[in-house]
Amino acid sequence: MNLARFPRRRYTPGFTPIEFLPHLTALLGGPEIWIKRDDLLGLAGGGNKTRKLEFLVADALAKGADTLVTVGAPQSNHCRLTLAAAAKEGLACRLVIEERVPGTYSPDALGNNLLFDLMGAQSIRTVPLGADFAAEMAIEADVVRAAGGVPYLIAGGGSTPLGALGYAACAQEIMAQSFDLGVAFDHLVVASGSAGTHSGLLAGLTALNAGLPITGINVRRPRAEQETNVHKLAETTAQLLGTPVPARETVVALDDWVGPGYSLPTPEMVEAVRLLASREGVLLDPVYSGKAMAGLIGLVRRGHFKTGERVLFLHTGGSPSLHAYARDLRDPALNA
Ligand SMILES: *Cc1c(COP(=O)(O)O)cnc(C)c1O
C-alpha cells in the first residue's frame, strides 16, 4: 500500500495520540481499554471527516474547483469540517441538509448549526429524508456553474474510495504507533455510519496483513445492510489502492446499540457519554462515538473480550454537537 501516490492536503500535524483508559478499564473489570484520539484531528473541532477531506479536497484543488458542495444531517460533523476545509483553502461551500427526523433543522440551533453560520456557508438548503442527494447536489452545482464557478461534489460523510483512503492511512498510523508503544491490540472498535471510516480501516488493515479484527457499531442501519455497504466500499477502496479485497467474513457491523434510530438518544449512549466525561475527561458525542462506546461497554459486559486482551476504541469525534443535545444528556438526578 503506497498512499504517497495520492495527492493529499495536510490538516493535522503528526499522529493523533493513542492513550490507555485506566479508570474505564478498572470500572469494567475486563480487557484493557485504549483510545485513538481522532477527536483531536485538525480543522475546526476535529473528528474523522478531517482524514477523508485531506484526500477529497486535494482532488478538488487539482480539478480547479472553487466551491465545495456536500450533504449531511442537521448536526452534521461532516458538513462542519467540509466548511472548515473550504475556509482554510479559500473555497466557497454549499450545504444540502437532510432532515432525517422531520423538523430537526433550525438555523437557531446550537452545536454544529451555529458553526455552519460562523464558518460562512454560502447556502444551506434542507431536503426531506429519502431525497435523492445526487440530484440535490447537482442543483447546487448548476447554481455554481451559472455564476461562472467550478463546483466539486463530496458524497455524504466523504465516504467514497478516495475519502476512505484517509482511514487506510489511519490503519497504517495505528500499526506504526502500536509497534512504537510495544502494545499489540487484539480488537478495534469503531462507529459505522456512512461506512468510509470502517471500510478504509478494513482495506488498510487487510493490506497490512495486521491481524487486527474490527468490530463496527452501527449508528443507523440494520446489520446485514450495513455490512453489505461496508464490504462494497472496502472492495472499491482496495481496488483504488491496488491491494487485496477484504473477505466478506471480516466485516462485522453490530446493530444492537442503534436504539430507536439515527441520532435518537438511548440510555446506554447517555451512560457512555457521562462515564467517559466523568472518569476519563474525554468528550464523546451522542450520535456516533457515544453509541459506539455504548457498544464497546456492552460487549465487555457480555464477556465478548477476554481479560488481558487489549481493545482499541477509535474516537471519531463529534463533541462540537454536544450542546445541541443538552436535554438528552444532563444527569437526571441533577435535573429533578
Ligand atoms: C461521520 C461520523 C462517524 C461515522 O463515520 P462514517 O465514516 O460515516 O461511517 C462517526 N463519528 C462521528 C463523530 C462522525 O461525525
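Whatever order the structure lists ligands and atoms in, that order sets their numbers, starting from 1.
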Close-contact set for ligand 1 against [X] heavy atoms, below 4.0 Å:
X      : result
Lys52  : 6 (P), 7 (O), 8 (O)
Gly318 : 13 (C)
Thr197 : 5 (O), 6 (P), 7 (O)
Asn77  : 13 (C), 14 (C), 15 (O)

Answer yes if [X] and [Y] sit in the same cluster of Ile, Leu, Val, Met, Phe, Trp and Tyr residues linked by side chain heavy atoms under 4.5 Å apart, and no otherwise.
X      : Y      : answer
Leu129 : Ile139 : no
Val273 : Trp257 : yes
Phe133 : Ile97  : no
Leu95  : Tyr262 : no
Leu201 : Phe55  : yes

Is there a nitrogen or oxygen of [X] sitting under 3.5 Å from a nitrogen or oxygen of ligand 1?
X      : result
Asp285 : no
His78  : no
Ser192 : no

Whether Ser199 side chain and Val230 backbone form a donor-acceptor pair below 3.5 Å: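 Side chain of Ser199 to backbone of Val230, a donor-acceptor pair under 3.5 Å: yes, one is there.
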Heavy-atom closest pair, residues Thr236 and Pro161: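 Of all heavy-atom pairs spanning Thr236 and Pro161, the closest is OG1-CG, 3.5 Å.
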What is the closest protein heavy atom to [atom], and at what distance does it sit?
atom                    : value
atom 10 (C) of ligand 1 : Thr316 OG1, 3.2 Å
atom 13 (C) of ligand 1 : Gly317 O, 3.1 Å
atom 8 (O) of ligand 1  : Ser194 OG, 2.5 Å

Surrounding CG of Asn2 (heavy atoms of other residues, nucleotides or ligands, distance under 6.0 Å), is the total greater than 12?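 Yes, because the 6.0 Å sphere around CG of Asn2 holds more than 12 heavy atoms from other groups.
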When you look for heavy atoms under 4.0 Å from ligand 1, do you find them on the side chain of [X], its backbone, both, or neither?
X      : value
Asn48  : side chain
His198 : neither
Lys49  : side chain

Could you check whether any heavy atom of Gly193 sits closer than 4.0 Å to an atom of ligand 1, since that is the contact criterion I want to use?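 Yes, that is the case, since the closest heavy atom of the residue is under 4.0 Å from the ligand.
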Please verify whether a non-hydrogen atom of Ala195 lies at under 4.0 Å from ligand 1.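 Checking ligand 1 against Ala195, which is what was asked, there is a heavy-atom contact under 4.0 Å.
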Applying the side-chain hydrogen bond (donor to acceptor under 3.5 Å, both in side chains) criterion to Ser159, which one of His78, Lys52, His198 satisfies it?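 The option that passes is Lys52.
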Go through the steps for Glu268 and Lys291 under the test salt bridge (Lys or Arg N to Asp or Glu O under 4.0 Å), then give the verdict. CA-CA 7 Å; Glu268 294 81 3; Lys291 284 187 178 173; over 6 Å; no
